[in-house]
Protein chains: 2
Amino acid sequence: MKTPLRWPVDEDSDGTLVLERFAPEQTYKTKVYAALKQAIVNMDIYSSPDPAWLDERQLSERLGVSRTPVREAIAMLEQEGFVKSMPRRGIMVLKKSKREVIEMIQAWAALESMAARLIAEHASDAEIARLRKLFQGFNESHRPSDYLSEYSDANIRFHQTLVKISGSVALLEITSNIFMHVRGIRQITIGRDDRATRSMDDHLAIIEALERRDVEGAEKRSREHTLGLARYVEEHGDILD
Amino acid sequence: MKTPLRWPVDEDSDGTLVLERFAPEQTYKTKVYAALKQAIVNMDIYSSPDPAWLDERQLSERLGVSRTPVREAIAMLEQEGFVKSMPRRGIMVLKKSKREVIEMIQAWAALESMAARLIAEHASDAEIARLRKLFQGFNESHRPSDYLSEYSDANIRFHQTLVKISGSVALLEITSNIFMHVRGIRQITIGRDDRATRSMDDHLAIIEALERRDVEGAEKRSREHTLGLARYVEEHGDILD
DNA sequence: GACGCCCTTCTTGCATACCAGAGGGATGAT
DNA sequence: ATCATCCCTCTGGTATGCAAGAAGGGCGTC
């Protein structure tokens with residue numbers, strides 16, 4: 001028996017109500033957090049060799065709130081490794097060393113290959129088909145290497161979608177976080193050495209493995225693809241440091 | 001030429017000074033964070049079906065600091081998924097659902113198998129030997145299943161050491177976090193169905209694969225071992241929810 | 001001129017006061 | 001007795017003030 005409610009109330013197949021969570025009222029703390037995170041991720045911190053600093057007071061003035069919610073947002077960002085508060089000195093926007101970037105990419109490879117495994121085991125054909133659709137616009141006459149910006153978008157969406165389709169919220173959260181950290185790096189590497197073309201070949205191979213439900217193959221290809229990026233950064237990532 | 005300094009200054013092989021970072025002065029924020037995190041992890045939140053709540057004011061009084069550093073610590077813990085602030089209602093200590101625990105264990109399996117891969121590729125024999133030493137106290141006459149508490153310690157240390165030896169700080173940090181979350185669960189499962197004995201067999205197989213530098217084997221065994229725990233929770237983890 | 005000290009300034013850390021909203025209990029009507 | 005309403009209380013959210021410490025510049029000394 002369906003209850004005629006207009007609120008976000010859910011019902012499971014048994015007819016018992018399951019969850020009716022409301023959106024957690026947005027508070028200044030969370031708004032500041034979101035604004036700062038986006039600003040930091042979009043910031044070009046690697047162009048200058050010296051560190052970038054934030055100023056609590058300045059931020060609170062610019063955002064029109066007091067220092068308290070700003071400080072709480074900073075504390076959260078610090079927990080995620082984006083900034084580091086240096087007591088009485090300021091808030092430093094952290095740069096990742098080459099080593100750190102490589103480690104993050106390796107972790108990412110691990111998580112994403114697990115996602116591929118889970119998909120091969122449990123996802124529906126329709127969900128897997130979504131992945132293929134992402135690249136159907138590219139072919140011999142519309143090559144990734146000639147439309148880098150467009151391909152880069154599809155690329156990012158592929159990786160995000162892959163993890164999302166796995167159905168694991170945990171994998172999604174952890175990889176999203178990692179992705180935020182290595183975001184800037186990817187954009188540097190994708191345009192080099194015709195990596196775009198090889199990237200698409202790899203992706204298609206992953207999709208094919210998923211389509212034939214080849215658990216080990218999908219996992220391995222996914223892992224090797226991302227580890228390849230790690231090796232590339234190892235070789236050519238001297239811009240960092 | 002060595003510079004006679006007593007401070008933590010390091011020198012690399014070229015003779016140029018490299019890093020001289022000081023410990024970041026402990027602040028109330030970090031102390032409260034550490035205290036709360038430990039308290040929450042050691043807390044028995046699954047014994048009662050209703051949620052556990054924290055009280056900012058009470059915490060600040062008990063810890064002898066003002067609400068400000070407490071709130072900052074809470075913000076950090078919330079970021080890590082240990083608590084959730086419900087505006088004007090209180091701070092809820094989050095319980096993990098069975099689904100969430102399984103997802104975390106799967107992520108852990110992914111990361112730890114990557115650690116195993118890295119070890120097989122790069123670690124020294126001496127480091128791998130450290131892993132074997134952890135279990136040398138157990139044998140036919142001193143069986144894991146008869147000394148569960150002792151074995152449980154060795155077990156935990158094995159997993160921690162494995163990731164540490166991989167040399168990846170990123171892997172270590174992410175897995176530590178996950179470990180904190182599933183800590184309570186492991187203690188419930190280890191004593192059942194003679195899982196301890198099978199656990200040690202698995203561990204030894206992983207170590208042997210590492211010793212013969214069998215990258216794929218070490219990775220696969222490590223992954224399967226932890227995914228086994230995930231399957232066990234899937235089957236018998238109805239205590240959660 | 002070079003060096004060292006001190007003081008000013010500017011930063012974050014912490015404490016406190018006040019505010020809005022949620023919950024529960026008392027109170028009143030039915 | 002039951003139910004609805006109102007108000008009081010208690011919660012976290014935010015703003016603000018003060019203090020401690022770091023940095024840099026000016027000044028005095030050698």
Side-chain angles (χ1 to χ4, degrees), chain A residues 7-9 19-37 39-40 48 50-94, chain B residues 7-9 19-37 39-40 45 50-94:
Chain A
W7 263 303
V9 170
L19 66 93
E20 44 191 296
R21 232 186 237 158
F22 285 88
E25 307 75 12
Q26 284 259 96
T27 170
Y28 278 150
K29 172 174 70 177
T30 62
K31 288 182 189 171
V32 173
Y33 166 77
L36 282 181
K37 185 164 180 175
I40 289 174
S48 164
D50 32 64
W53 295 88
L54 299 180
D55 181 313
E56 264 183 30
R57 227 162 218 111
Q58 187 184 324
L59 292 175
S60 66
E61 282 167 16
R62 284 220 258 169
L63 293 167
V65 297
S66 81
R67 285 177 53 215
T68 309
V70 172
R71 285 181 58 74
E72 290 168 358
I74 296 285
M76 294 192 275
L77 290 167
E78 183 168 10
Q79 193 64 19
E80 284 185 300
F82 286 107
V83 300
K84 172 125 195 67
S85 319
M86 313 286 277
R88 308 274 137 68
R89 301 189 9 99
I91 298 146
M92 188 170 56
V93 180
L94 289 179
Chain B
W7 264 303
V9 171
L19 70 93
E20 44 192 295
R21 233 186 236 160
F22 285 88
E25 307 77 14
Q26 285 257 98
T27 171
Y28 277 149
K29 172 175 71 177
T30 63
K31 289 182 188 171
V32 172
Y33 166 77
L36 281 182
K37 184 166 180 173
I40 289 174
I45 47 174
D50 30 64
W53 297 88
L54 300 179
D55 181 313
E56 267 183 29
R57 274 181 177 84
Q58 187 183 326
L59 292 174
S60 66
E61 282 166 18
R62 286 220 257 170
L63 292 166
V65 296
S66 81
R67 285 175 54 209
T68 310
V70 172
R71 284 182 57 75
E72 290 169 349
I74 296 284
M76 293 192 277
L77 290 167
E78 184 168 9
Q79 194 63 17
E80 284 186 300
F82 286 106
V83 299
K84 173 126 195 63
S85 308
M86 314 284 279
R88 311 272 139 68
R89 304 190 6 100
I91 299 148
M92 189 171 53
V93 180
L94 289 179

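The sequence lines fix the lettering, A, B, ..., with proteins before strands; numbering per chain opens at 1. Hydrogens, waters and symmetry mates play no part in the numbers below; they use all other heavy atoms, side chains included. Remember, predicted model here, so these are calculated numbers, not experimental data.
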Item to complete: Give one of base, sugar-phosphate or nothing for A:L54, where a contact means two heavy atoms less than 4.0 Å apart.
Response: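 Here A:L54 touches the backbone only, sparing every base.
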Rounded distance (Å) that lies between atom [atom2] of [N] and atom [atom1] of [X]:
X: B:I74; N: D:dG12; atom1: CD1; atom2: C1'; value: 11 Å
X: B:L59; N: D:dG12; atom1: CG; atom2: C1'; value: 12 Å
X: B:E56; N: C:dC14; atom1: CD; atom2: P; value: 15 Å
X: B:K31; N: C:dC14; atom1: NZ; atom2: P; value: 9 Å
X: A:M86; N: C:dG13; atom1: CE; atom2: C1'; value: 15 Å
X: A:M76; N: D:dG13; atom1: CE; atom2: P; value: 11 Å
X: B:E72; N: D:dG13; atom1: CD; atom2: P; value: 13 Å
X: A:E61; N: C:dT11; atom1: CD; atom2: C1'; value: 13 Å

Of the nucleotides [options], which has the atom closest to the [X] side chain?
X: B:T27; options: D:dT11, C:dC14, D:dT14; answer: C:dC14
X: B:R88; options: C:dT11, D:dT14, C:dA22; answer: C:dA22
X: B:Y28; options: D:dA15, C:dC14, C:dT11; answer: C:dC14
X: B:R67; options: C:dT16, C:dA15, D:dT16; answer: C:dT16
X: B:I91; options: D:dG12, D:dC18, D:dT14; answer: D:dG12
X: A:P87; options: D:dT16, C:dG13, D:dG12; answer: C:dG13

Check [X] against [Y] and note the closest heavy-atom contact, atom names and distance.
X: A:E72; Y: B:A75; result: O-CB, 4.1 Å
X: A:L94; Y: A:G81; result: CD1-O, 3.6 Å
X: B:P69; Y: B:Y28; result: CB-CB, 4.0 Å
X: A:S66; Y: A:V70; result: O-CG2, 3.5 Å
X: A:V83; Y: A:I74; result: CG2-O, 3.9 Å

Fill in: Residue whose nearest DNA chain D nucleotide is more 5′ - A:P69 or B:D55
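Here B:D55 is the residue nearer the 5' end.
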Practice prompt. Answer yes or no: does a side-chain N or O of B:R71 lie under 4.0 Å from OP1 or OP2 of D:dG13?
Written response: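 Yes, because at least one side-chain N or O of B:R71 sits under 4.0 Å from OP1 or OP2 of D:dG13.
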Item to complete: State whether A:S66 places a side-chain N or O below 4.0 Å from either non-bridging phosphate oxygen (OP1 or OP2) of D:dA15.
Response: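 It does, given that an N or O in the side chain of A:S66 lies less than 4.0 Å from OP1 or OP2 of D:dA15.
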Fill in: Base D:dG12 to side chain B:R57, donor-acceptor N/O within 3.5 Å cut-off
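Indeed, a donor on one side and an acceptor on the other fall under 3.5 Å apart.
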